[in-house]
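Notes for the one structure printed next.
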Amino acid sequence: MTAPGTINPADRRALEPVKASTPDEVKAAVAAARSAQLAWGALPVFARAEKIKALGQAVLAKADEVAQVMSSETGRSVVECKASELTSLAPYVDTAIAIAKQVLKPSKVRLSALDFPGKKGVTEPVPRGVIGIIAPWNYPLGNFWKSLFPALLSGNGVVLKPSEHTPRTGAFLARVCAEVLPAGLVGLVQGAGEVGQALVDSADAIVFTGSVPSGKRVAARAAERLIPTSLELGGKDAALVLADCDLDRTAIGVAQWAMHNCGQNCAAIERVYVEEAIADRFVEVLTKVVSKLRVSTGNDESDLGPLQNEAQLGLVEKHVAQAKAAGAKVTTGGARVGPGLGYQPTVLDRCTDDMEVVRDETFGPVIAVVRVKDAEDGLERANDSRYGLNGSVWTSDLERGAALLRRMEIGVGYVNNHGFAGILADVPWTGVKDTGPGVAASAHSYGVFTRPRTVIIDSSKNPDPWWIPANADLGAFADALIARGRGGGLGVLLKLGGLAKKRVAAIKALAR
Ligand code: NAD
């Protein structure tokens, strides 16, 4: 097996290796980001927002160049790289900025004048410091948007750790950041898991996107340091196809969201539960659509790229072989294609619940079709999974579809579509079970980027009536407060006022 990130997966052309960072280099990147963060974090949100807008524009100005870099290390066509990772960038930035302006507003502490005389308080979000962003290889640029923008908008420094399989796209992004943002604010470290671990050892919070085993290791390491993490892990999305669906559109939609990025998408449709009544016809149309898709053999204008790395290709072959041996029927695909790591878009009919291709994440161009009795049967099987990221129901009865979707164990669901919410900055990208507890994008993601700090100012000239000494008057005062809590009327309030005055006088006497 070749070292990670050293060939173009479409045609095995050699790529110049990228040097891994040393532990000292990781520490230095975090230290530089920490020092740049001090001035950055002190800027008002609108000033940071202007810079982030400029950052988005600077990436778009180099769209051709970055798409070329991405294409060289993913094997996907330049067209596909642009379409899936750059077209949504400008609206993404605008929405991320609008969200930040809302979320980062301070909120007033509610303080009643009777209980807390002369006091006011405010809770304000404070940047955590340096956010380590550890990314996978499947969307080597787009995967950063959901964490890079909110991290910077909330006043943090950032250190990026791209996947060792796609280091050049991450390096490109870091270079553009360095051109637009203060020196050192966005650092870059390169390498595999041990470099990621070193980053967990020195950053103030971690956003991790990757596999379940690595995510668990990151969580354990971060727990040792008591730093917050957001973990966005694997998926095994299900589509529930009902007998009343628009069959042609459904077949094309399922193919789209199963094959997008060669299935190397955490929200790829990997399992299709189709009602028996239309299963023959559905499989026939799905097969027709999937068999027309072209795989890249060297950065041509193909519909999908190859697998990004040899381990991934091996996993796809293993899942297909195991399914075939257990009785699944290959209706199209099922073999390697091209000089690189290409694999034919594949449909497996008559899959069963116990097959690896139904149970485990395949992350490749394979659709496992499971025929089910009815919608309830399909829903039960869809939920019988260790993952739960996106899910979909395909039907002409939109209300019934939405009701079924609400019973799916997932974070994002669609009736008659799938997956595209990943490019929307205001949809919380999250899931259940082994998909991990992380929430990416939207206002709901800010817990990892900021902590709440409260500042209370007391301008009262008097001590508060519940301060020391704890004498009989305090007992009477406490009883009056409890009586008020139980719904006591004006009489209780007047009594409280009198007791409070008496208490304040007694407390003041302590100092004389
Ligand atoms: P991976 O876990 O092998 O690697 C992900 C990143 O983590 C890489 O940068 C890697 O170097 C680093 N890493 C590995 N071990 C580490 C450790 N112990 N400490 C710190 N960092 C470590 O995953 P992958 O193969 O690159 O990515 C594919 C996986 O990512 C799939 O399971 C896919 O579903 C998932 N994914 C999830 C989402 C989501 O939003 N839920 C999005 C994209 C990909």
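Since the model is a prediction, treat every value here as computed from it, not as a measurement. One-based numbering, in listed order, for ligands and for the atoms of each.
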Within residues 211-234 or reaching into it, pairs that qualify as salt bridge (Lys or Arg N to Asp or Glu O under 4.0 Å) - sequence neighbours excluded: Asp201-Arg221

Give a table of atom pairs where an N or O of ligand 1 lies under 3.5 Å from a protein N or O.
unit_1	atom_1	unit_2	atom_2	d
ligand 1	2 (O)	Ser211	N	2.9
ligand 1	2 (O)	Ser211	OG	2.6
ligand 1	2 (O)	Ser214	OG	2.6
ligand 1	9 (O)	Ala135	O	2.7
ligand 1	9 (O)	Lys161	NZ	2.8
ligand 1	11 (O)	Lys161	NZ	2.7
ligand 1	11 (O)	Glu164	OE1	2.7
ligand 1	18 (N)	Gln197	NE2	2.9
ligand 1	23 (O)	Ser211	N	3.3
ligand 1	25 (O)	Trp137	NE1	3.1
ligand 1	26 (O)	Trp137	NE1	3.2
ligand 1	30 (O)	Gly210	O	3.3
ligand 1	32 (O)	Glu361	OE1	2.6
ligand 1	34 (O)	Glu361	OE2	2.6
ligand 1	40 (O)	Trp429	NE1	3.0
ligand 1	41 (N)	Leu233	N	3.4
ligand 1	41 (N)	Leu233	O	2.7

Spatial distance of atom NZ (Lys161) from atom OG (Ser21) [nearest 0.5 Å]: 9.0 Å

Salt bridge (Lys or Arg N to Asp or Glu O under 4.0 Å): pairs with one or both residues in residues 262-271, sequence neighbours excluded: Lys236-Glu270

Trp429-Phe420 aromatic ring centre distance below 6.0 Å: no

Heavy atoms of other groups near Glu310 CD, more than 12 under 6.0 Å: yes

Residue pairs passing the salt bridge (Lys or Arg N to Asp or Glu O under 4.0 Å) test where at least one lies in residues 172-194, sequence neighbours excluded: Lys62-Glu179

